[in-house]
Amino acid sequence: MSHENSPEQNNNSDQVERQRSNRKEHGISKVLLSFLGSMELAISLFVVVGIASIIGTILQQNQPYNTYIVKFGPFWFEVFRSLELFDIYSSWWFVVLLGFLLVSTSVCIYHYAPPMIREWRQFRLNVSAKSLKLMHSSGSWLSQNNPQKSAQFIQEKLANGGYQSRLKNEQGVITIAAKKGSANRLGYIFTHGSIIVICLSALYDGNFNLKLREVAGQLKPETRDLFASEVPDISRLKAHENHAFRGSANVPEGSTTGLVFLQMRDGFLVQELPFTITLNDFRIEHYESGMPKSFESDIVIQDKESGEKISKTIAVNHPLFYKDFAIYQASFDDGGSIMDLQAWSLENNSQKIMPFKQVVGKSSVIPTSKGDMKLELVEFKASNVQPNPKAKETGRKFKNMGPSLTFRLRDSSGQAQEFINYMLPVEQEGRYFFLSGVRSSTSEPFRYLFIPADDVNSVKRFFDFRRLLNNKQEMRRIAEKTAELSLQSSKALDPQVITQMAVVMQRLVELFNQGGFDLVMNDINEKVPEDKRKDVTDSYFKVLQTILGTVYLEVLQKDGVDISKNITPTQEQYYDDLVNTMGILTNYNAPFFLQIKSFEHKEASGFQITKSPGKNLVYLGCVLLCIGIVLMFYVAHKRIWIIIEPDNKTESESGSKILASGSGDRHQREFALEFQALSQLLDKHFSKN
Amino acid sequence: MSMTSQDMNNLFEKQSFLSKLNLFDWGWAALLLLSTGYVWQQYSSLMDVYEAGILFFTSISIIAWGWLWKPVRLYSISVALLSLFAISLYGNDLALKDTNFFLKFLISGESAVMWMSALYVLATVAYFIGLIIGSEFTNKTASAMTWSATVMGLVGLLVRWRESYLIHVDVGHIPVSNLYEVFILFSIITALLYLYYEGKSKTYNMGGFVLLVISSAVAFLLWYGFGDRGASEIQPLVPALQSYWMKIHVPANFVGYGAFALSAMLGVAYLIKDSMIQHGRNGAIINRIPDLDTMDDVMYKSIALGFAFFTLATILGAMWAAEAWGSYWSWDPKETWALIVWLNYAAWLHLRLTKGWRGRPLAWWAIIGLFVTLFAFIGVNMFLSGLHSYGEL
Ligand code: HEM
């Protein structure tokens, strides 16, 4: 179990080394200092800081507050917020904890360093034979030589072993004090001193000053979604107002900015820069798999005062350092690509919507039968590379699905559905389809709608077909025509039967239009007794197929296809796909299909701009820390003492008695071996006492 | 870690380090210098100042390493020969991986890792058998298997490095970029640390315990790399990882992880032996496990080594972050967990040094420390999201 005093320490005449300085401290300050410098406090701080840090990694930090409210409910949200758990690492209490660690380490140095420095400079010649004999490693020998000669010999040997030594001659008794590895002591000072250097410089680089000003009411983070120019002065920082910061800026191609945003909890501050950044060009390269391989920006920095200009290309891992600032390539984004869109209505009482242009990141209002809907363009991707399912046959591992647009449709109550539409048709078993994915929350996968592409690679024929089905007048005409044609063969040209059939046809088409084949089936199941169902179903579907076929032919004819000849297999296949897609449209549940007609791609580069004057000090601290640790672990502080007394009992009558002893402080094991080596050496030259 | 008395014997006689070197040592140095010279002569036109510096620094470091720890010489030579053989078999055709006999079954990146895995598991079993029956021969076999596995592991990584370039020059990168690759690294570093200790202390009986953690790593590796995830496939690097820093930051980290793992396994052995003794069971097997003080001492040395490397790695990581993300410390989960691991071992070291703790409590703590370390190492990638998004599970 834990031994308060290890055996090493007990017998260790070196014990002074571990003792604190015996500075005169009185009363409260003494109690306070000994508390602050205590190992118990230090270890508790290690543990508490550790646990606080763990919380910060489990609870995602600095998310929009809404996310937290949804996750924890309003009550816990409020509790967590008041504990500053959403931004732990810059919370008051966390900084105070680190402060304590800092103070504790400082006090610790204050206590231990002075005796250590003394220790490392002193040879400690004042030892008594008695204390030497108490040490772990000791031995005594007799020599024929006189003390001086023995001492000289031993000092030489000690020097070989890397020991520095001092010698004292007191009334013929020679004491040699030798030591090596004093740098170990320096290691302690470096290691602990470096912690102070690192913490202080990092604190200087942090946003502590902003928090203080916030408390003083001089600053207030902006939480609204405003343009930088609209942000009031209380959330703004002038170019030279802030000695250290870390902010971000998204700059679209061809644009210039002179400010960055500093995030603070759920809000932000606008920090003005003493220079402007212009993004001339942004380039991105991709691997075959579509993953970004590299991205870089050609930027121009212009000093606001001197007008001096610097052009440079920055890339990930290759920042630009300008004065005290560093500008990093952090990310990329859409810089407001302009989309040329066409909405094809999917509603039964369809209205035609004119083509329109909309910028990615912006929203617009689109009238539908269920009221106005907000169309928000979320993300545009110029390419979508995916693993190729036919990698084996084609020899290409990936295929590009082309541009895609992600958007949301929000109704008046705020409910939104998310869509992803691809601009180009995608091949499936030799046919081409326009894909549109839909989902009602971002945690779900997309469900896809496949709209077949017609002869001219467009969705037009599909929607023409739909529009015709929705046109009551036209449908009556077509239904009557079809009924007449199909009854012709049965030779019973009763006009009433024809009308009846036409009515059935129209109704079936209507059902089909509202809910596909499923709805037709449901209708039959509801209305027809079970024993007749099969017959009715067969004949209804036949009728439905006939009329849909006729409608299709009319659509083809309007498109200028000569339908007097047989239609081609492709056209037939198109019809099948068309009818299938129509049948599942209800699941798509959207008022329109948004077609991407063309686009103008604009990219934006995400920069991280920092000013961290403490950085070099942090690095200095790091170097000290490394050196300190190596010294502490791998340089062993060892001492050897030798006391040589004249000995008249030897044959030569001028011999000497040698007492040797030593200690290896924290490295007793190695020292024991080392002392053994010394003993063996002394054995060779002297006789054992 | 621990010196033997032989090393010390001549400490107090005047003798320089160099004069202690024998003919083999000089031969070793000459071999390395010659190969370095050859590489320089062939490729110097393609190198910039840094790369030339790295080449010579590496070469000198390996010479010194081989002088200080002799088995390194045979180890490096085997690794070099096997890797060069594999690379020369490949030429410029990656497809040979599936057709060439040697590559397919022995030394393609993947096959070598398979051999490594098999050998480590066998060695674990052999060490335990050795411990139980007390057979010197079995122990030596186990040790030889561990060495071979470690050779194959490093060959696997080096060949994989080459393979990544054969896929495409743009894809080429040092294989320390995803969990599959770093698990290989972890296994071989832990094994090397153990082998060093084994060689110095001449006891084989800790082998089983240490190799247990390596075998677990291997199990993870096989599941992760060759299961559905196919993580053993070489993937190109995202831009943030394309940096020189990665080459030093990651290996330094893994020396830390390896050393912490070693100390934890010693902790396990310590606790087993200690409680056996307390229960008065004093069989031959228990006696074969090294004595408690020795294990305690090695546990400390191992944590100290780990702490030193871990500190260095964290600092390198901070410098890299400063270059890639614009901030040397951004409280990203991976960084934060590195701090937690670091504080944990700092507390451990302080308790031992200033409070004089020894034995059981510290052994337990070292074991818990391994779990903390493991979380920092894989847990963060599995459960937390952040900037270190490589190698997600
Ligand atoms: C984050 C803060 C700290 C770090 C990283 C740190 C690190 C270290 C390290 C690495 C060692 C060497 C252990 C060894 O040689 O095995 C050490 C020793 C020591 N530390 Fe700390 N330490 C910290 C804070 C403190 C504090 C607050 C105190 C005072 C209560 C303290 C007192 C000591 C003492 C007395 C030693 C032993 C020195 C010796 O005997 O040579 N440390 N520390």
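Source: prediction; values computed, not measured. Each chain gets a letter, A, B and so on, in the order the sequences are listed, and its residues count up from 1.
One finds the CG atom of A:L625 at 5.5 Å from the OG1 atom of B:T311 (value rounded to the nearest 0.5 Å). Within the model, atoms SG of A:C626 and CG of B:L316 stand 7.5 Å from one another, a figure rounded to the nearest 0.5 Å. Taken to the nearest 0.5 Å, the CD atom of B:E335 stands 11.5 Å off from the OG atom of A:S53. With rounding to the nearest 0.5 angstrom, the NZ atom of B:K301 is 9.5 Å from the OH atom of A:Y634. Interatomic distance, CZ of B:F307 versus CE of A:M632, reported as 10.0 Å (0.5 Å rounding). Rounded to the nearest 0.5 angstrom, B:F375 CZ and A:I54 CD1 are separated by 8.5 Å.
The shortest distance between side-chain heavy atoms of B:P236 and A:E288 does not fall below 4.5 Å. In this structure, B:Y328 and A:D205 have side chains that are in contact, with non-hydrogen atoms separated by less than 4.5 Å. The closest side-chain heavy-atom distance from A:F633 to B:L349 is below 4.5 Å. Side-chain contact between A:T57 and B:V380: absent, with no pair of heavy atoms (C-beta onward) separated by less than 4.5 Å. Considering only heavy atoms from C-beta on, A:K293 stays 4.5 Å or farther from B:P239 through its side chain.
A perpendicular orientation is assigned to the rings of A:H192 and B:H350, their planes being inclined by more than 60° (bins at 30° and 60°).
For A:V623, no part sits under 4.5 Å from any heavy atom of chain B, backbone or side chain. Contact annotation for A:A315: neither backbone nor side-chain heavy atoms come within less than 4.5 Å of a heavy atom of chain B. Of the atoms belonging to B:L362, not a single heavy atom falls under 4.5 Å from chain A. Contacts between A:F607 and chain B at a heavy-atom distance below 4.5 Å are absent for every atom of the residue. Contact of B:S243 with chain A is made through backbone and side chain together, with heavy-atom distances under 4.5 Å. Contact of A:L158 with chain B is made through backbone and side chain together, with heavy-atom distances under 4.5 Å. Within the 4.5 angstrom heavy-atom criterion, no atom of B:D274 approaches chain A. Residue A:I198 does not touch chain B at all, counting heavy-atom pairs closer than 4.5 Å. If you measure heavy-atom distances from A:T610 to chain B, the contacts under 4.5 Å come from the side chain alone.
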### Query
What's the verdict on side chain to side chain contact (heavy atoms under 4.5 Å, CB included) for B:S330 and A:R246, showing C-alpha distance, side-chain angles and the deciding distance?
CA-CA 10 Å; B:S330 38; A:R246 175 170 173 224; 3.5 Å; yes
### Query
Do B:M319 and A:Y619 pass the side chain to side chain contact (heavy atoms under 4.5 Å, CB included) test, and can you show the C-alpha distance, the side-chain angles, and the key distance before you say yes or no?
CA-CA 8 Å; B:M319 297 174 101; A:Y619 288 168; 3.7 Å; yes
### Message
I'd like to know whether B:H168 forms a ring-ring contact (aromatic ring centres under 6.0 Å, His included) with A:Y287, so could you lay out the CA-CA distance, the side-chain angles of the two residues, the decisive distance to 0.1 Å, and finally the verdict.
### Response
CA-CA 10 Å; B:H168 195 276; A:Y287 291 110; 8.6 Å; no
### Query
Where do A:F46 and B:W342 land on the ring-ring contact (aromatic ring centres under 6.0 Å, His included) test, with the steps shown first?
CA-CA 9 Å; A:F46 288 170; B:W342 193 73; 7.9 Å; no
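Taking A:E40, A:Q329, A:Q608, A:M291 one by one and counting their heavy-atom pairs under 4.5 Å with chain B, the maximum is reached by A:M291. Chain B forms the most heavy-atom pairs under 4.5 Å with one residue out of A:V49, A:I58, A:I43, and that residue is A:I43. In terms of non-hydrogen atom pairs under 4.5 Å with chain A, the most contact-rich of B:N344, B:L312, B:D293, B:L339 is B:D293. Ranked by heavy-atom pairs under 4.5 Å with chain A, the first of B:V341, B:V171, B:D170 is B:D170. Top candidate by heavy-atom pairs under 4.5 Å with chain B, chosen from A:L678, A:L681, A:I327, is A:L678.
Every side-chain hydrogen bond (donor to acceptor under 3.5 Å, both in side chains) that A:S165 has, sequence neighbours left out, goes to A:Q155. With sequence neighbours excluded, the residues that form a side-chain hydrogen bond (donor to acceptor under 3.5 Å, both in side chains) with B:H173 are B:S177.
A distance-only check finds a donor-acceptor pair linking the side chain of A:Y328 to the backbone of B:A322 [under 3.5 Å].
By the neighbour-count criterion of 12 heavy atoms within 6.0 Å, atom CZ of B:F309 is sparsely surrounded, having that number or fewer from other residues, nucleotides or ligands. Taking a 6.0 Å sphere around OH of B:Y50, one finds it holds 12 or fewer heavy atoms contributed by other residues, nucleotides or ligands. Atom CH2 of B:W69 has more than 12 neighbouring heavy atoms from other residues, nucleotides or ligands inside a 6.0 Å radius.
Between the side chains of B:Y244 and A:N317, not a single donor N or O lies within less than 3.5 Å of an accepting N or O.
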